[in-house]
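Before any comments, here is the structure.
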Amino acid sequence: MESKRFGVVVVGGGAAGLAAALGAAEAARAAGVPVSITLLERSDEAEQGGNTRWSPAYMRLESPERLADRFAEDMHALSDGRSDPAYVERLAREATATLRWISGHGVRFHAPKTYFLTAAAPRIQPVGGGAAIVRELTAAAAAAGVAFRYGTTAERLVRNAEDRIAGIEVSAADGTLQTLACDAVILACGGFEQDPALMVRTFGSGADAMRPICEGTRFNRGEGIRMAFDVGAKASGDWNGLHAEPVDPRSGKAEAVVLVYPYGVLVNTRGTRFVDEASGRVDETWEVFARRIFFDQPERIAYVILDQRLHEIANYERAILSDVAPLQAESIEQLAALLDVDPAALRATIDAYNAAAPADDATFDAMRLDGLRTREGYVPPKSHWARRIDRPPYLAYPVVCAIAYTFGGLATNEHAEVLAQNGAPIPGLYAAGEITGLYYGKAPGGTSVLRGLVFGRAAGARAVATARAVQLSK
């Protein structure tokens, strides 16, 4: 090992890692103890931040001082009660204090017009999105004395004779290996979206080709999870689950979502519908539909079919982040030809849907669950916003599944301690953010970046206490 001792080493420079590093530096300063804090980031400085840099960083709050109603209850409900109650309760309890903390470091919040025209919960957002979090917390951490090592990948955890974490092996961009002696490690290096072997093993053939939601996703290669498993960490979260979004494959933009599907129909390459496009608000359905497109539909693509009624919906443009115009045709058959879909099949689908849609759509309200549904017996039904598609020119957007983060990860407790197979904390090992397994079934929108900040800060403070205890024991 290097002769220098590194105190606390944080792996990953997104929201969770930056909160951990800054939280650790502040905890050390408040306690008056000389604990060095080092943050390892595999990217270069210009690309630091992983998913956070590219994320809108929506957070499930009404304001920086008030959680969304039923915050904890909804998280428990969406996981069917499988998420750790103590973890969720701490997240709810410390969310607003954590936002005050990062506000004190230059991050400002507002209540934006999100890309959800309908949503189950309100959101706030940092002005400037996730990139603002990365910028401001990086500056604050550097000013607090955190050392940054870019172009450095964590490879292996090192334990001492007492099975405590005592170091971490890292590789530089040129492949050079070295081992950093330390007293505590905080893993905040994301999930395994870009680990091809684990993606295929977890989700099946072809999962390694799933489109990443943004450029930052490519840095999430699963090493942190593997390293922790190698020292006996326990798994948690839904290993069959992932957060995905329906995006336009023609666009090169990050998060090029197309979220106007509730106002039209979704069809596959056979020209047939396969979901109730309006079974809930957009933020309740987009993840499920994106997964269904990838795992259940031929060629793993679908098409949002709309007509000119789309233009009657106020602010519909904000629900489309693709920078490519929709395909357009004067007839359904011509549209089918543009999509390389059987014209007769698409015509039959649209005719059947139109026959099942209400003749009177005067109660249509795009901003709420309006109950305008297809007739009984029509399958799959459309539970809301069921207006006929009969006003040309007709429009179509292709959509595919883009992965944002995986659900399966490390088991941690409410103190951000990584747990061993027997449920006890692994001494000196902490984790926060997407690497930790919290979600089951569905990810509650607006909680991913937030939990990274809350538990990153918690991990930092805890790791400093551990490092100090190790130093005093020598």
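The 12-atom threshold is not exceeded at CD of Glu299, counting heavy atoms of other residues, nucleotides or ligands nearer than 6.0 Å. Heavy-atom contacts from other residues, nucleotides or ligands closer than 6.0 Å to CZ of Arg93 number more than 12. Surrounding CG of Asp340 are at most 12 heavy atoms belonging to other residues, nucleotides or ligands under 6.0 Å away.
The two residues Ala132 and Val107 have their closest heavy-atom pair at O-CG2, 4.2 Å. Counting all heavy atoms, side chain and backbone alike, Val134 lies closest to Thr138 at O-OG1, 2.6 Å. Minimum heavy-atom separation, Thr118 to Arg368: CG2-N, 4.0 Å. Shown here for Ser43 and Tyr150, the closest heavy-atom pair between the two residues is O-CB, 3.5 Å.
With rounding to the nearest 0.5 angstrom, the CG atom of Leu438 is 8.0 Å from the OG1 atom of Thr412. Put simply, CD on Glu193 and OG1 on Thr406 are 4.5 Å apart, with the number rounded to the nearest 0.5 Å. Distance check, rounded to the nearest 0.5 Å: OH of Tyr430 to CG of Asn413 gives 9.5 Å.
Contacts of Glu376 classified as side chain to side chain contact (heavy atoms under 4.5 Å, CB included), with partners at least two apart in sequence or in another chain: none. Taking Arg281 as the reference, nothing meets the side-chain hydrogen bond (donor to acceptor under 3.5 Å, both in side chains) condition, with sequence neighbours excluded. Arg42 pairs by the side-chain hydrogen bond (donor to acceptor under 3.5 Å, both in side chains) definition with Glu223, not counting sequence neighbours. Residues passing the side-chain hydrogen bond (donor to acceptor under 3.5 Å, both in side chains) test with Asp390, sequence neighbours excluded: Arg309.
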Test side chain to side chain donor-acceptor pair (under 3.5 Å) applied to His243 and Glu287, step by step: CA-CA 6 Å; His243 176 58; Glu287 180 179 273; 2.6 Å; yes

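The cationic atom of Arg387 (NZ for Lys, CZ for Arg) lies less than 6.0 Å from the six-membered ring centre of Phe364 and within 45° of the ring axis.
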For residues 253-260, run the donor-acceptor check on the side chains, cut-off 3.5 Å, and write out each pair with its distance to 0.1 Å, sequence neighbours left out.
from: Lys253; atom 1: NZ; to: Leu321; atom 2: O; distance (Å): 2.9
from: Glu255; atom 1: OE2; to: Tyr115; atom 2: OH; distance (Å): 2.6

Could you give the side-chain donor-acceptor pairs of residues 197-210 under 3.5 Å, partners two or more places apart or in another chain?
from: Thr202; atom 1: OG1; to: Leu198; atom 2: O; distance (Å): 2.7

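If you check the side chains of Asp370 and Thr363, you find no donor sitting under 3.5 Å from an acceptor. For the residue pair Arg451 and Thr436, a side-chain donor N or O sits within less than 3.5 Å of a side-chain acceptor on the partner.
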